[in-house]
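Worksheet for the structure shown next.
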Amino acid sequence: MEKILKGCSSVVKSPALVPMPMSIEHGEGCFVLNSDTVLVAGEGGESSTTQLAAFLRPASGLHLAIVPSAGHNQTAVVLTRDKAMADLGS
């Protein structure tokens, strides 16, 4: 049986995320993490992407691959760092 972590909501509300993202785009449908999902480590996001993979592993049982880019139709979580926020994390 494939392990998945699924989040769906018909109610738009602020997620309980720390730190809160600069922007969130609410769309239709569900976002499902499964064994085909990849984590994309954008420039400056390598450390955060590795940490996210470690946090998700015990909760989901998934060993999500960390890649430099995702395919066009591939389910992906992309983490990047805003270059305008150069002091972030200093």
Side-chain angles (χ1 to χ4, degrees):
M1 183 167 128
E2 183 179 18
K3 295 181 179 183
I4 61 169
L5 186 60
K6 183 176 180 178
C8 299
S9 177
S10 60
V11 178
V12 176
K13 56 185 177 184
S14 293
L17 298 174
V18 176
M20 181 60 78
M22 293 292 293
S23 65
I24 297 174
E25 294 180 28
H26 296 279
E28 297 292 324
C30 301
F31 185 84
V32 179
L33 293 178
N34 60 32
S35 59
D36 294 327
T37 304
V38 295
L39 301 177
V40 178
E43 185 178 344
E46 298 85 358
S47 176
S48 296
T49 306
T50 300
Q51 188 176 27
L52 178 60
F55 285 149
L56 290 173
R57 192 170 298 120
S60 66
L62 298 171
H63 294 270
L64 301 174
I66 298 174
V67 298
S69 64
H72 179 66
N73 289 322
Q74 192 167 23
T75 303
V77 176
V78 181
L79 284 87
T80 59
R81 186 169 183 175
D82 186 342
K83 293 179 184 179
M85 301 178 75
D87 293 338
L88 186 65
S90 300

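Treat the numbers as computed from the prediction; the structure is a model and nothing was measured.
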- Message: Going by side-chain contact (heavy atoms from CB on, under 4.5 Å), Thr75 matches just one of Thr37, Val32, Leu33. Which one?
- Response: Thr37
- Residues clustering with Val67 (ILVMFWY side chains joined when closer than 4.5 Å, directly or via others): Val38, Val40, Val78
Identify each donor-acceptor pair in which a side-chain atom of residues 50-59 lies under 3.5 Å from a protein atom, sequence neighbours left out, and give them as a table.
unit_1, atom_1, unit_2, atom_2, d
Thr50, OG1, Glu46, O, 3.1
Arg57, NE, His63, ND1, 2.9

- Query: Looking at Val77, Asn34, Leu39, which one forms a side-chain contact (heavy atoms from CB on, under 4.5 Å) with Leu64?
  - Reply: Leu39
- Set of residues satisfying side chain to side chain contact (heavy atoms under 4.5 Å, CB included) with respect to Ser48, sequence neighbours excluded: Leu79
